[in-house]
Amino acid sequence: MKAAPFEYARAASIAEACDLLARHGDSAKLLAGGQSLVPMMAMRLVRPAFLVDINEIAALKFVRREKDAARIGACTRQCVVERDEALTERVPLLRQALKWVGHIQTRNRGTVGGSLAHADPSAELPLAAQVLGAKMALRSAKGTRVLDAEKFFSGPMTTAMRPDECLEEIHWPAWSWRHTGSAFTEISVRHGDFAMVAAAAQIAIDGDGRCVRAAFGLGGAGGTPLAFPKIAARLVGTRLDDAVVNDAAHAAATETEPGGDLHASAEYRRHLAGVLAARALREARERARSM
Ligand SMILES: Cc1cc2nc3c(=O)[nH]c(=O)nc-3n(C[C@H](O)[C@H](O)[C@H](O)COP(=O)(O)OP(=O)(O)OC[C@H]3O[C@@H](n4cnc5c(N)ncnc54)[C@H](O)[C@@H]3O)c2cc1C
């Protein structure tokens, strides 16, 4: 099948992209890497009447490392983030998550912002954003605003972005504890497919091996990527023994509401959620201990 007819404009600046969105309203869509939008158009699952191409906007492509964060322009290609050693030192979960995203070819075109805006509940970058508490800077012709990941992801393939807004940059918090480790793991039918269930974790420990901060979450286990800050807070002050970690992982799994499909029942997905959350937490703990 081919896409329904549409008009196309290549924006030269963020302001121009926002003007075009304001002018064309609901019927317009931004085109970033096209790795999700173009197949969906070809299958006529979406039929935008107007495409605003943001690929040539240099101001949307950057990686800036700051003391307590990394800022990434929304149109930065996933492969650029994946290969950035200094960024990986600051926010290791990004590379760990990207390893599971599609294939080299899709990561060469796909953008960080495109993946977040697409908001697939099984996608890896939205889960990393939710676990780390990333912030999304949005721009429209009317002004700017910033949304926490928690508010940004509002449902399956749905975000709190308005039709006239462009995701401009993403602010990824970097933890400053010396002994910090993170991990990402998932189960999918084939490597490169969307996850059946995914888990991500980040742990910081002090010199005595006690947990000083923990964050973890699950993808593919509900309508949005899920983080469990209250359960993670229970890990703080412990030595993260396997029993404590397993308890936290299983407590999180019981809070999930996965759907069932051809590949896995809801019950199996919930079981996987507990197993993978424990695995991610243990791997993050081991990395923190080895720092
Ligand atoms: C074979 C294949 C396998 C894949 N496997 C995976 C996988 O395992 N995990 C995974 O997470 N993804 C996977 N993907 C999807 C891939 O990661 C996409 O790159 C990503 O979902 C969308 O990014 P994009 O830049 O291509 O965005 P596009 O496809 O261009 O856009 C996606 C949506 O986001 C909107 N959008 C894009 N940029 C912005 C912005 N700056 N502001 C506001 N809205 C914006 C668009 O309007 C559109 O609605 C796969 C894709 C393919 C083709």
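Whatever order the structure lists them in is the order used to number ligands and atoms, beginning at 1.
Close contacts between ligand 1 and Gly110 involve ligand atoms 19 (O), 25 (O), 26 (O) [criterion: under 4.0 Å to a heavy atom]. Interface atoms of ligand 1 facing Ala74, defined by a heavy-atom separation under 4.0 Å, are 41 (N). Every atom of ligand 1 with a heavy atom of Gln78 under 4.0 Å away is listed here by number and element: 17 (O), 19 (O).
Among residues at least two apart or in separate chains, side chain to side chain donor-acceptor pair (under 3.5 Å) pairs with a member in residues 115-141 are Lys135-Asp148, Arg139-Glu168. Screening residues 206-215 for side chain to side chain donor-acceptor pair (under 3.5 Å) gives no qualifying pairs among residues at least two apart or on separate chains.
Counting only heavy atoms of the protein, atom 36 (N) of ligand 1 lies nearest to Ala117 CB, 3.6 Å.
With a heavy-atom cut-off of 4.0 Å, Asp193 touches ligand 1 through its backbone alone. Contacts between Met161 and ligand 1, counted as non-hydrogen atom pairs separated by less than 4.0 Å, involve the side chain only. Looking at Leu167 against ligand 1, both its backbone and its side chain come within 4.0 Å, counting heavy atoms. The parts of Ala32 lying near ligand 1 are both backbone and side chain, judged by heavy-atom distances below 4.0 Å.
For Gly192, the closest heavy-atom approach to ligand 1 falls below 4.0 Å.
Counting heavy atoms only, Gly102 comes closest to atom 8 (O) of ligand 1 of the residues Ser122, Gly102, Ala97. Compare Cys75, Gly33, Gly219 by their heavy atoms: the one nearest to atom 24 (P) of ligand 1 is in Gly33.
Between Ala123 and ligand 1, no pair of N/O atoms sits closer than 3.5 Å.
Aromatic rings of Phe50 and Phe6 (six-membered ring for Trp) have centroids beyond the 6.0 Å cut-off, not under it.
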